[in-house]
Number of protein chains: 2
Amino acid sequence: MRESTALDRMICFQLYAASRAMTSLYRPHLDPHGLTYPQYLVMRVLWHDGPTTVRDLGRTLRLDSGTLSPLLKRLETQGHIRRERGTHDERTVWIHPTPTGTRLQTDIGDLSHALACATGLTTDELHQLHTLLHRANGTAPTPPGGTPA
Amino acid sequence: MRESTALDRMICFQLYAASRAMTSLYRPHLDPHGLTYPQYLVMRVLWHDGPTTVRDLGRTLRLDSGTLSPLLKRLETQGHIRRERGTHDERTVWIHPTPTGTRLQTDIGDLSHALACATGLTTDELHQLHTLLHRANGTAPTPPGGTPA
DNA sequence: CACCAATCAGTTGTGCACAATTGAATTGGG
DNA sequence: CCCAATTCAATTGTGCACAACTGATTGGTG
């Protein structure tokens, strides 16, 4: 409908464009709280799992320390997290959400509905997309329940 | 299967992870030619459409001049493209593929098969994914024919 | 014609991504 | 116990993305 380039036929480009578009949809919701999208993902892991090591954050988000270290430094500067060297294993660094960081969860609220609507896809299509992306990512989709954007 | 975080249920994260994974799949194929994935996308547009303006490249790839200007400068330094101010409208800059840049197309060859296989999805699933991403991107999928990765 | 708004490419500044490397801490084998 | 291999976070360097801005060019209107 828009362009007639070979790009139209490339899944990789659609994936690339869709990922950036999704980030843009989050931006207006996160900007007021001073968070970027990757920072928001880190906070979500902390809200859900509690204190975590940098190593586990990397495994979960599939990011390495080269990305996470400066990102976590910025979250610490903003007062959302606290870093602490492990006592048992001094190589690991534990990331704790601060009270400020925890309060962000309720301040930001649930974005999934607003974001799901913004895609223009039906609930069924979102579910299909979710399943396909899971398979492409080599993970198993969580079978029951809704599918947040 | 891997993590039990709320991230599992977020399409946005699956999209973000899948997009980066796809780029990683391209990397070993593009690195030997000194191209990055976004640079490869630019070259594909030039191979398909011939000389193009920076403005149209931006519309096609959904990138602004802040991203394209330095990227094109690097492609020019590598000898793959040539820039030329428009004569009719001196605001626009035309991007021409050089012979070297054109030769890249045959040198790199067709990556779609290798990439499609690497995802582990069936042809049917790739087609579904393609259609869903198109709809999410607000574009119409090109109905007939195969679906390169 | 004069002027003003819009268009276009480029620059600046911030923040990811990721390869490669560093250096400290830990682990395992002999 | 000792030392070589591994693990872990951080750092360095390159290249996107994108917001905000600049400055030149163009097009439309009075």
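Quick note on labels: first sequence line is chain A, next is B, and so on, each numbered from 1. Any value given below was found using the heavy atoms of this structure, including those in side chains, with hydrogens, waters and symmetry copies removed.
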_For residues 116-134 of chain B, which residue pairs pass the salt bridge (charged side-chain N to carboxylate O under 4.0 Å, His left out) check, not counting sequence neighbours?_
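Counting only pairs at least two positions apart or across chains, the salt bridge (charged side-chain N to carboxylate O under 4.0 Å, His left out) contacts touching residues 116-134 of chain B are A:Arg135-B:Glu125.
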
*Could you note down all residue pairs passing salt bridge (charged side-chain N to carboxylate O under 4.0 Å, His left out) where residues 15-30 of chain A supplies at least one of them, sequence neighbours left out?*
none

_Sorted by number, the residues of residues 89-97 of chain A with heavy-atom contact under 4.0 Å to DNA chain C_ = A:Asp89, A:Glu90, A:Arg91

*Can you sort out which residues in residues 31-40 of chain B have a heavy atom within less than 4.0 Å of DNA chain C? Ascending by number, please.*
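Those residues: none at all.
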
_Heavy-atom nearest nucleotide on DNA chain D for A:Val54 versus A:Thr23: which residue maps closer to 5'?_
A:Val54

*For A:Ser24 and for A:Arg55, locate the closest nucleotide of DNA chain D by heavy-atom distance; then report the residue assigned to the nucleotide nearer the 5' terminus.*
A:Arg55

Value in whole Å for how far the [atom2] atom of [N] lies from [atom1] of [X]:
| X | N | atom1 | atom2 | result |
| --- | --- | --- | --- | --- |
| B:Glu84 | C:dA9 | CD | C1' | 15 Å |
| B:Leu63 | C:dC8 | CG | C1' | 16 Å |
| B:Asp64 | C:dC8 | CG | P | 14 Å |
| A:Arg85 | C:dA25 | CZ | P | 8 Å |
| B:Tyr16 | C:dC18 | OH | C1' | 11 Å |
| B:Leu57 | C:dT7 | CG | P | 19 Å |

*For A:Leu71, answer base if it contacts any base atom (sugar-phosphate contacts may also be present), sugar-phosphate if it contacts only those atoms, and nothing otherwise; contact means non-hydrogen atoms under 4.0 Å.*
sugar-phosphate

Which residues satisfy the side-chain contact (heavy atoms from CB on, under 4.5 Å) test with [X], sequence neighbours excluded?
| X | value |
| --- | --- |
| B:Ser69 | B:Ser65 |
| A:Pro70 | A:Arg74 |
| B:His33 | B:Leu104, B:Asp107, B:Ile108 |
| A:Asp89 | A:Arg91, A:Thr92 |

*Which residues share a ring pair (Phe, Tyr, Trp, His ring centres under 6.0 Å) with B:Tyr37, sequence neighbours left out*: A:Tyr16, B:Tyr26

*Residues two or more places apart in sequence or in another chain: which of them pass salt bridge (charged side-chain N to carboxylate O under 4.0 Å, His left out) with B:Glu90?*
none

*With sequence neighbours excluded, residues passing salt bridge (charged side-chain N to carboxylate O under 4.0 Å, His left out) with B:Arg55*: none

*What are the bounds, 5' to 3', of the part of DNA chain D that sits under 4.0 Å from heavy atoms of chain B?*
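Contacts span D:dG15 to D:dT26, reading 5' to 3'.
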
_Does either side chain, that of A:His96 or that of A:Glu84, offer a donor lying less than 3.5 Å from an acceptor on the other one?_
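Yes, because at least one side-chain N or O of A:His96 sits under 3.5 Å from a partner of the opposite role on A:Glu84.
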
*Which atom names give the shortest non-hydrogen contact between B:Lys73 and B:Arg83, and what distance separates them?*
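Looking at all heavy atoms of both residues, the shortest contact is N-NH1, 3.1 Å.
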
*Any side-chain N or O of B:Arg83 under 4.0 Å from OP1/OP2 of C:dA9?*
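No, outside the criterion.
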
_Of B:Arg27 and A:Thr87, the one whose closest DNA chain C nucleotide lies more 5'_ = B:Arg27

